[in-house]
Amino acid sequence: MAIAHEVGELIGHLLGDGRSVIDPATTIWTAEAAEELRARIGDNPMVGADQGQWEKLDHQLQDAPREVVLLAAELVFLREHPLLSAKPETRRAHVDRVLAHLDPPVPIPEPMSTWLARPSGTAGLEPGTWYNGALWRHVIWAATFVRHWSGLTPAEREKARDDPWELQRVMLASGDDRSDMRNVLQFLAWPDVFEPISSASMKKKIRDVLADRIGGPNGTDPAAIDRDLLAIRAALAREVEGPFHFWSPGVNELWDSSPSEPESHDGSSVVEEPRPRHYWLYSPGPQASEWDEFSSDGIMAIGWDELDDLATYPSREAIRQALDPAGTGGSMRNDVLAIWQFQNEIAAGDIVFAKRGRREIVGRGEVTSDAQHEPARASYRHVRSVTWTQTGSWEHPGDAATKTLTDITTYHDYVERLERLVTGDDEPSLLETPTPPPAYDKAAFLNEVFMSEERYERLRALLARKKNVILAGPPGVGKTFAAKRLAYSIMGAKDPARVQMVQFHQSYSYEDFMMGYRPTESGAFTLAEGPFYRFCDAARADDDDRQYFFIIDEINRGNMSRIFGELLMLIEADKRGQDLRLLYKNETFSVPANVHIIGMMNTADRSLAVLDYALRRRFGFFEMSPGFDSAGFGRWQQEAGSPTLDRLVEAVVELNAAIAADPALGQGFAVGHSFLSRPMGSDAEDAWLCSVVEDELIPLLDEYWFDEPTKAEEWAGRLRAAVA
């Protein structure tokens, strides 16, 4: 609140008389100055990765009029003023850098100099690298808003100055929305109404989870979400003592189970996969010296008591430096990893096996709390609560790892042996998630996957009818991404326990897939069950109406008859539930009706054999095509606000038309939209787009037209021109 109130004078000039805070004799918040600043940047974007955004801004401001430079300086100040982690010297240097374009340069006056001196970490919001790298987009949006604001009548401006919701409406009406910069400015203007959160998706996430406190959400537009957040704050104020924000202890846990998760990019609706249960091997002190205390008190703890609260160390490197203050250069890799995992990677619901030395297991428990620092303890001050479900003494199979803490989740056979050893469970389930999976439906699918509603309904009906489908398409159309989300949308939840994925290859066999003999450490052979056998067993033991999905990547890379064997009959929709004698085991087996198979096939891979007709009859085939014309991709393209991206999309669409018309290629070789979809946690930056062209698309074209190098070079030139 304080950092917003202290710049009230600057906001007042922006919305009022238009004068500069840096040079009060100059009027800068005008339509003319704003349009020239917008044109200098927006009409001359200077794409390419050879210069940083500040170097580009220097070029764009060369010989700019005084009022334009001052306007740019105050906009740079406003976008960086509320940042929590920005160092004061960095924020000051950026403003000074812009002011250096004045002749003579103007020094930063009071009180702005005081505002810039605020130490980092004192107050503010933490938007992430995508915000920091969007300088030019922020300046363009802000200049466009100032131009729009100047065109309002005096009565309209007065109304917007007095009403925060009217001010927001004017901001949204000023042009294409840039929600992160808008959220910052509306907070600075009305800090008692708008939250200090730049990310639109983060606002929506908080609102959606806590909406039950106000009787449900009231819309999805920015105004509805902000109004709901204000109402939610009022509701929480009756429960929380004193000032709070949505990351305050006791409030953060109400909406987010992962407090350290950074904000996602504005507009990004991709939800993280539910975290599956992890399994850990843990030593409660050397030779389990602390086991009696820990098991009786229901805790697990680690040493390294010279460290402060582990939550204060933002990275492994920070931990390493704290352990090695003298700078001896020792890696301490295992120590650092154990400390980091104890604090940041273990989660409530995880299973811990306590060990003594390398040959004995002494207990098994379930983690029930986050990590806590308890400085009052004499030693082992980094603590988590654990419900120890079993205590005793079991001989460890082989030699255990000697580290204090080891994540053994990926070693499925090993974890199963430990579970059988300690719990006596013959068939332990390792796929469960410790928390209820989040809901997922058709709307969520269409929001994440670039596919029309009509095609989604067709695909869903095909899978329901055939039980088995193959998603076939060129590279980059999101086949794997769509497969998992199709499964989630049918299940109604993001439940990874009911989804399993394997990848076929030329050496994959029935023994790998279903069942076969494998060598043991003693040199003998044992009959081992494959992933599909176990998956069907899990589905058969569940309710019939709970659907399971087995996903096969690169399904046409394997020898289908060799891999499926007798399953070729059992997977047919009308043969589900029918028993057949297994090849390696004296028992009958059936594929349950609640198991669905989704395969993925790359139609552009020349090296793959065509699927045989026996398999084709058992699968429905669904063609996946580039989704550049889908509503979802259109939203991403609009949110990105990148002229470079727009030009590249146009070029790729034309390229796909040429590929489809080429008799040696065809539609199955088109370039998919995933090549131009935003990487997680990043923006459509020009450097990334240049890399996509040079390192992904052009090599692909060289492969497509290996016998027509002139055509490949022609299209390479057109793609390069789009990002130049």
Side-chain angles (χ1 to χ4, degrees), residues 257 274-304 310 334 337-372 374 377 379-437 496-497 521 528-529 534 537-538 541:
S257 60
R275 179 187 181 279
R277 169 172 284 143
H278 281 224
Y279 294 80
W280 303 86
L281 194 61
Y282 159 70
S283 178
Q287 292 296 314
S289 59
E290 313 301 316
W291 175 239
D292 289 343
E293 176 197 348
F294 292 177
S295 59
S296 61
D297 291 349
I299 64 170
M300 65 182 296
I302 59 174
W304 295 285
L310 299 182
N334 288 340
L337 179 60
I339 295 166
W340 178 262
Q341 290 180 323
F342 184 87
Q343 175 66 31
N344 299 286
E345 296 185 12
I346 295 180
D350 284 359
I351 300 300
V352 177
F353 292 98
K355 66 183 180 72
R356 176 180 283 115
R358 305 185 66 179
R359 295 300 181 94
E360 184 182 2
I361 300 294
V362 295
R364 175 194 183 274
E366 180 175 337
V367 179
T368 57
S369 79
D370 292 333
Q372 302 164 3
E374 299 184 6
R377 290 176 58 87
S379 60
Y380 292 88
R381 296 170 183 151
H382 311 294
V383 182
R384 283 180 178 267
S385 298
V386 177
T387 299
W388 294 107
T389 55
Q390 282 89 14
T391 60
S393 177
W394 297 268
E395 183 179 355
H396 182 277
D399 288 337
T402 57
K403 296 186 295 182
T404 298
L405 189 67
T406 307
D407 187 351
I408 58 174
T409 309
T410 58
Y411 305 102
H412 301 295
D413 290 342
Y414 176 49
V415 174
E416 282 192 355
R417 289 202 301 272
L418 292 182
E419 286 281 36
R420 291 193 187 98
L421 178 70
V422 177
T423 68
D425 188 349
D426 289 337
E427 296 183 358
S429 176
L430 307 184
L431 297 176
E432 296 178 355
T433 53
T435 56
E521 295 177 355
E529 299 156 351
R534 295 187 180 191
D537 258 4

Indicate every side-chain donor-acceptor pair of residues 385-392 with a distance under 3.5 Å to a residue at least two apart or in another chain.
residue: W388; atom: NE1; partner: I299; partner atom: O; Å: 3.1
residue: T389; atom: OG1; partner: R364; partner atom: O; Å: 3.1
residue: T389; atom: OG1; partner: R364; partner atom: NH1; Å: 3.1

Could you measure the distance from the [atom1] atom of [X] to the [atom2] atom of [Y]? Nearest 0.5 Å is fine.
| X | Y | atom1 | atom2 | result |
| --- | --- | --- | --- | --- |
| H382 | Q372 | NE2 | CD | 12.5 Å |
| L421 | W394 | CG | CH2 | 7.5 Å |
| K355 | K403 | NZ | NZ | 10.0 Å |

Say whether, by atom type as modelled, one donor and one acceptor occur between the side chain of H278 and the main chain of D407 under 3.5 angstrom.
no

Given 3.5 Å as the limit, does a donor-acceptor pair link the side chain of R384 with the main chain of Q343, or not?
yes

Closest non-hydrogen atom pair between [X] and [Y], with its separation:
| X | Y | answer |
| --- | --- | --- |
| V362 | W291 | O-CZ2, 3.4 Å |
| A401 | T406 | CB-OG1, 3.8 Å |
| I408 | V415 | O-CG2, 3.2 Å |
| R277 | T409 | O-CG2, 3.8 Å |
| V367 | A347 | CB-O, 3.7 Å |

Tell me whether the centres of the aromatic rings in H396 and Y414 are closer together than 6.0 Å.
yes

Does R359 have any side chain to side chain donor-acceptor pair (under 3.5 Å) partners at least two apart in sequence or in another chain, and if so, which?
D399

Full working for side-chain contact (heavy atoms from CB on, under 4.5 Å) between L405 and I302
CA-CA 9 Å; L405 189 67; I302 59 174; 5.8 Å; no

Apply ring pair (Phe, Tyr, Trp, His ring centres under 6.0 Å) to Y380 and list each qualifying residue two or more places apart in sequence or on a separate chain.
F294

Please name all residues satisfying ring pair (Phe, Tyr, Trp, His ring centres under 6.0 Å) with F353, sequence neighbours left out, ordered by chain then number.
none

Test T402 against R358 for side-chain contact (heavy atoms from CB on, under 4.5 Å), laying out the working first.
CA-CA 7 Å; T402 57; R358 305 185 66 179; 3.6 Å; yes

For R356, give me all partners under salt bridge (Lys or Arg N to Asp or Glu O under 4.0 Å), at least two apart in sequence or on another chain.
E360

Can you find a pair of side-chain heavy atoms, one from I351 and one from L418, that are under 4.5 Å apart?
no

For E529 and D537, what are the C-alpha separation, side-chain angles and deciding distance, and is it a side-chain contact (heavy atoms from CB on, under 4.5 Å)?
CA-CA 11 Å; E529 299 156 351; D537 258 4; 5.5 Å; no

Validation: residues 280-287 side-chain donor-acceptor distances under 3.5 Å, sequence neighbours left out:
residue: W280; atom: NE1; partner: D350; partner atom: OD2; Å: 3.0
residue: Y282; atom: OH; partner: A301; partner atom: N; Å: 3.0
residue: Y282; atom: OH; partner: A301; partner atom: O; Å: 2.6
residue: S283; atom: OG; partner: G285; partner atom: O; Å: 2.9

